[in-house]
Every structure is written in structure tokens, then in C-alpha cells.
Amino acid sequence: MADLTVFHHTGCSTSRHAVEEVSAAGIDAEVVQYLKTPLDRASLLELIDKLEDEPADLVRKDGFFKGLGLDPDDFVTPDAVADLLVEHPRLMQRPVLVRGDRAIIGRPKDRVAAFLA
């Protein structure tokens with residue numbers, strides 16, 4: 001079993017940076033391309049429970065989010081965030097790193113090295 005899980009999006013430079021940092025640190029990691037293998041609601045709630053960031057931070061408030069006419073204030077609780085990300089996995093912030101009972105969003109990039117240390 002891997003020491004670390006990275007929820008990764010190959011099209012994201014910040015996510016690629018995190019995977020490179022993990023590799024350079026020589027850490028055994030499971031890299032999950034969450035758009036190819038989306039998390040189910042229970043897995044999202046488990047992830048949110050480990051997250052050192054606020055649940056709302058797990059949601060990307062990008063053009064797609066705005067295009068759906070969503071209000072950020074509606075997605076602050078773990079349940080609301082999980083429901084949204086089940087329906088729209090592409091709105092999950094990336095990368096997310098999980099080690100044991102701790103998880104972080106790897107933004108800004110310098111958070112990754114600190115989490116791995």
C-alpha cells in the first residue's frame with residue numbers, strides 16, 4: 001500500500017508539479033486521475049474529513065462553476081461539497097494529497113514540500 005495518495009489532473013501544471021515533488025522525494029505514492037476514476041460520495045466525505053483546508057476550498061470556482069450559475073455560498077458544508085463533486089468531478093480542486101489521516105490541497109505549490117516533509 002502506498003504511503004501517499006495524490007488526486008491528480010494531468011492537464012494541470014500545479015498537479016503535475018505535486019507528482020514531480022513526490023517522485024523527487026522518493027515517496028511511494030498512488031496517483032489517482034480523479035477525472036478518469038471519480039470519487040463516490042462516501043470517499044469524498046472521508047477525504048473532506050481528513051482535509052486541513054475548509055471543505056469549500058475543495059471546489060474550484062472557475063468559469064465552469066460560474067457557467068453553471070452556482071453560488072459559492074451554497075457549497076461550504078461537507079455534504080454540499082460532496083454532492084457537487086459527485087455530479088461535477090471536474091470542479092474538484094487539484095492536486096489533493098492524502099497521507100494517513102491528513103490531507104491538503106496542494107495550492108500554492110510550496111504546500112506540497114511542507115506536507116511531504
Side-chain angles (χ1 to χ4, degrees):
M1 184 168 176
D3 296 331
L4 178 80
T5 302
V6 180
F7 292 99
H8 173 57
H9 177 16
T10 58
C12 172
S13 63
T14 303
S15 193
R16 289 192 306 269
H17 169 80
V19 171
E20 290 165 7
E21 286 259 341
V22 168
S23 179
I27 296 171
D28 182 28
E30 177 185 7
V31 177
V32 177
Q33 293 185 35
Y34 66 89
L35 292 178
K36 290 184 179 179
T37 350
L39 283 77
D40 62 20
R41 188 175 194 281
S43 298
L44 283 162
L45 287 170
E46 183 179 320
L47 174 64
I48 291 166
D49 188 50
K50 295 177 180 182
L51 200 61
E52 294 180 4
D53 305 280
E54 292 298 318
D57 294 342
L58 193 57
V59 178
R60 293 178 60 83
K61 280 63 165 206
D62 59 7
F64 181 71
F65 181 92
K66 292 177 180 120
L68 292 171
L70 301 175
D71 180 348
D73 292 337
D74 292 336
F75 303 99
V76 296
T77 66
D79 286 326
V81 169
D83 290 342
L84 177 65
L85 296 180
V86 164
E87 188 173 349
H88 301 288
R90 72 184 271 183
L91 288 176
M92 187 166 111
Q93 191 61 268
R94 72 274 182 145
V96 177
L97 292 86
V98 182
R99 182 182 245 174
D101 62 352
R102 294 179 57 220
I104 64 158
I105 298 166
R107 291 178 178 273
K109 292 178 182 180
D110 62 353
R111 292 188 79 196
V112 173
F115 185 72
L116 299 177

**Report entry** Where Ala82 and Leu44 come nearest, the two heavy atoms and their spacing
**Finding:** O-CD1, 3.6 Å
Query raised in the report: Just wondering, do Arg16 and Ser13 contact through their side chains at under 4.5 Å, heavy atoms?
Result: yes
**Report entry** Qualifying residue, where the test is side-chain contact (heavy atoms from CB on, under 4.5 Å) with Phe7 and the options are Ile105, Val96, Leu35, Val31
**Finding:** Val96
Requested in this report: Answer yes if Val19 and Val98 sit in the same cluster of Ile, Leu, Val, Met, Phe, Trp and Tyr residues linked by side chain heavy atoms under 4.5 Å apart, and no otherwise.
Outcome: no
**Report entry** pair Pro95-Glu21: side-chain heavy atoms closer than 4.5 Å
**Finding:** no
Query raised in the report: Is it the case that more than 12 heavy atoms not belonging to Glu52 sit under 6.0 Å from its CD atom?
Result: yes
**Report entry** Flag side-chain contact, heavy atom, 4.5 Å: Asp83 against Arg41
**Finding:** yes
Query raised in the report: Is there a path from Leu116 to Val32 through hydrophobic residues (I, L, V, M, F, W, Y) whose side chains come within less than 4.5 Å of each other?
Result: no
Query raised in the report: So does Arg99 pair up with Asp3, basic N to acidic O under 4.0 Å?
Result: no
Requested in this report: Test side chain to side chain contact (heavy atoms under 4.5 Å, CB included) on Asp53 and Leu58 and set out the steps.
Outcome: CA-CA 8 Å; Asp53 305 280; Leu58 193 57; over 6 Å; no
**Report entry** Atom of Pro78, atom of Leu45 and distance for their closest heavy-atom approach
**Finding:** O-CD2, 3.6 Å
Query raised in the report: With a 4.5 Å limit on heavy-atom distance, are the side chains of Asp57 and Gln93 in contact?
Result: no
Query raised in the report: OG/Ser15 to CZ/Arg94 distance, rounded to the nearest 0.5 angstrom?
Result: 7.0 Å
**Report entry** Pro55 to Val81 - nearest heavy-atom pair and separation
**Finding:** O-CG2, 3.6 Å
Query raised in the report: Should Val6 and Leu39 be counted in the same cluster of Ile, Leu, Val, Met, Phe, Trp and Tyr side chains packed under 4.5 Å apart?
Result: no
Query - Side-chain ion pair, Lys50 and Glu46, N-O less than 4.0 Å - result: yes
Requested in this report: Search all heavy atoms of Val22 against all heavy atoms of Ala29 and return the closest pair with its distance.
Outcome: CG1-CB, 3.5 Å
Requested in this report: Verify the cluster assignment for Val76 and Leu84: are they in a single hydrophobic cluster under the rule of side-chain heavy atoms below 4.5 Å apart?
Outcome: no
Query raised in the report: If Ile, Leu, Val, Met, Phe, Trp and Tyr residues are connected whenever their side-chain heavy atoms lie under 4.5 Å apart, and connections chain through other members, are Phe115 and Tyr34 in the same group?
Result: no
Query raised in the report: Can you name the closest pair of heavy atoms from Lys61 and Pro72 and give their distance?
Result: CE-CB, 4.1 Å
Query raised in the report: If every non-hydrogen atom of Leu85 is compared with every non-hydrogen atom of Leu91, which pair is closest and at what distance?
Result: CD2-C, 3.5 Å
Query - Sub-4.5 Å side-chain heavy-atom contact between Arg90 and Arg60 - result: no
Report task. Could you tell me whether the side chain of Leu4 reaches within less than 4.5 Å of the side chain of Leu97, counting heavy atoms only? Result -> yes
